[in-house]
Amino acid sequence: MEAVAASSRILPHMNFNQNSTSLRPQAKSMSTLFNTSKVSAHSNSNDKRSSVGKGLSLSRPVQKDLDGRTFCSAGVITYPSDVFESYSHATDEKIGVMLLNLGGPETLHDVQPFLFNLFADPDIIRLPRLFWFLQRPLAQLISVLRAPKSKEGYAAIGGGSPLRKITDEQANAIKLALETKEVPANVYVAMRYWHPFTEEAVHQIKRDRITRLVVLPLYPQYSISTTGSSLRVLRDMFRNDAYLSRLPVAIIQSWYQREGYIKSMADLIEKELQVFPNPEEAMIFFSAHGVPVSYVENAGDPYKDQMEECIFLIMQELKSRGINNDHTLAFQSRVGPVEWLKPYTDEVLVELGQQGVKSLLAVPVSFVSEHIETLEEIDMEYKELALESGIVNWGRVPALNCTPSFITDLADAVIEALPSAMAMSTPNTTSEEPENDIVGYAIKMLFGSILAFILLLSPKVISAFRN
C-alpha cells in the first residue's frame, strides 16, 4: 500500500468531475478479459496439493463477484476432474505468479518521480474526458509541490521505502513454498508506481514463455484504488498483445477470508498482547487504510464491507483461543476536503484516551508489509498522539512480511487458483466516441487549455495542493 500511503498522506483520491461515471464499469469490464477467482477461507491445506491434479469440487455456497462471475465464499474452488490436466504430468507447463503491489521510492531522489507516477494514474486523479490531456501536466505540478513534505516522511524511516526489499523476500518465500508442494513456478513482482513496474514484470513473463499465470495482489481486501488500478494496467497490456491475450490467467481478487491469513494475524496479535502488563485489559485497535466514501457509495467498492468482515473473522479466531479483549476499527491516512471512511484513526485515539483506555495494541490490518504507513504514520505520529491523549501502554503488531504460516497460505491460494486460469476473451475494439470530430476536438482543446492555464497559475490552487 506504499503508493496509497503517499497519495493519501499527500493528496486525496481526487475526482474533478462531479458528474463522472462510476468506476464500477471499469471493474465490470474485467470479466471480459480475465478469469477472476476469489480463493478463500477455511480449506484444508492437506487437500490443496492433490486438488491440482484431481480437479476440484465446490464445498461452499456460490456467490457472485464484482464482475458477475462466481466464486466460493469459503473453501476450495471446484471444477470437474476431467476439465483440467494434472500439473504434475504437464512437463511443458511453465507456471508464473505475479505479485501486485503499489511500490515506493527507494531513495529520497526517487520521491518526486514516484509521486508523478502516482498522480498520473487516472484511478487516483479522475479528470473529465474533456481534460484527460491535463493528466500528466497536473501530475507534474502536484508531485513537484508535494515532494519536499513527502521526503520528510521517508527520511524519518531511513531515507526510502523498504517495500521492494520485503516484497522481493515474499516472492522468494512463495517460490520456495510452491516448490515444497511440488508446484515449481516463477514468481514476479509487479509494482504499480515504481520499479519493478508492472510492465517490466509482464515483459519478463513473455521472455520466460510462461504458459499459465496466477495474479496475486498483496492486498487482502479488494479496492478500486489498489487491486483495481493494477488490474486495469494488466487489462490494457494483455488485450493488445497476441501472446498475452492467449495466456491462461487466474486472478485472486481478495483473500482476507483465508484461514491461513486469519490465523497468522491472530498469532501476531496474541504474541504482542503478552507484552502488556495486563494483556486482558489492552484494547485491540485495528487501523486500516482509508478510501474516499465516494468509492464505496458511488463506485461500489467492496473494501469497507470486506474489511469489517475480516476484523470479525480475526476476532472470532482470537475468541476461540480465549482472548476476549475489546476491539475497534478505524481508518487512517485521510487527507483533503473529501470525506473518507469513518471513524478516523486520529480521532478515535483521542476519544479512547478520554474514555480512560490505558493500554492499546495497534494492528495495521490492511498492510502485509512494513512501509511508510506503519513505520512513520503509526509508529511515530499515532503513537505520539495516543500517549498525549492519555494512553500509557502502547504496542503495535508487526506486518506479516514473511511469516511462514502466511507465506504457506499464499502458496496454497496460488495452487487453488491454477485450475481456473483461462485465456482472455477477444477484446472489444468498438470506439466509445467518434474519433473524426476534428472541430469538436479543437474546441475541447481550446477550452481545456484556457482552464488549464487558470488552474496551473492560480495561487489559491497551488496553495491548496501544498496543504
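Along the sequence shown, residues are numbered consecutively beginning with 1. These figures come from a predicted structure and were not determined experimentally.
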Q.
S264 vs T403, test: side-chain hydrogen bond (donor to acceptor under 3.5 Å, both in side chains). Steps then yes/no.
A. CA-CA 8 Å; S264 296; T403 301; over 6 Å; no
Q: Examine the side chains of D121 and S229 and answer whether a donor and an acceptor come within less than 3.5 Å of each other.
A: yes
Q) Are side-chain N/O atoms of E377 and S333 paired as donor and acceptor at under 3.5 Å? A) yes
Q) Hey, are the side chains of Y303 and Y219 touching, using non-hydrogen atoms and a 4.5 Å cut-off? A) no
Q. Any Lys/Arg nitrogen of K94 or D208 sitting under 4.0 Å from an Asp/Glu carboxylate oxygen of the other?
A. no
Q) On the ring face of Y243, is R209 found with NZ or CZ under 6.0 Å from the centre and within 45° of the axis? A) yes
Q. Any idea how F406 and W255 line up, ring-wise: parallel (<30°), tilted (30 to 60°), or perpendicular (>60°)?
A. tilted
Q: Determine the minimum heavy-atom distance between V111 and A147, stating which atoms define it.
A: CG1-O, 4.1 Å
Q: Could you pull out the closest heavy-atom pair between S254 and P220, with the gap in Å?
A: CB-O, 3.3 Å
(Q) Taking side-chain contact (heavy atoms from CB on, under 4.5 Å) as the definition, give me every residue that meets it alongside A156, ordered by chain and number, with sequence neighbours left out. (A) E376, M380
Q.
Please enumerate all residues that pass salt bridge (Lys or Arg N to Asp or Glu O under 4.0 Å) together with D168, with sequence neighbours excluded.
A. R164
Q: Return the set of residues passing salt bridge (Lys or Arg N to Asp or Glu O under 4.0 Å) with K175 (not counting sequence neighbours), or none when no residue passes.
A: E179
Q) With sequence neighbours left out, what residues match A185 under side-chain contact (heavy atoms from CB on, under 4.5 Å)? A) I95, V97, L178
(Q) Between K181 and D412, does any side-chain N to carboxylate O distance fall below 4.0 Å? (A) yes
Q. Is the closest side-chain donor-acceptor distance between E373 and H289 under 3.5 Å?
A. yes
Q. Is any NZ, NE, NH1 or NH2 atom of the basic residue among R239 and D236 found under 4.0 Å from an Asp or Glu carboxylate oxygen of the other?
A. yes
Q. Among side-chain atoms of Y382 and D346, is any donor-acceptor pair under 3.5 angstrom?
A. no
Q | Under 3.5 Å side-chain donor-acceptor pair for S369 and N401 | A | no
(Q) Is the terminal nitrogen or CZ of R334 (NZ for Lys, CZ for Arg) located under 6.0 angstrom from the six-membered ring centre of Y344 and within 45° of that ring's axis? (A) yes
(Q) Using the side chain to side chain donor-acceptor pair (under 3.5 Å) criterion, which residues pair with E199? Sequence neighbours excluded. (A) none
Q: Report the residues that fulfil side chain to side chain donor-acceptor pair (under 3.5 Å) with E347, sequence neighbours left out, ordered by chain and then residue number.
A: none
Q) Any side-chain heavy atom of V214 within less than 4.5 Å of one from M98? A) no
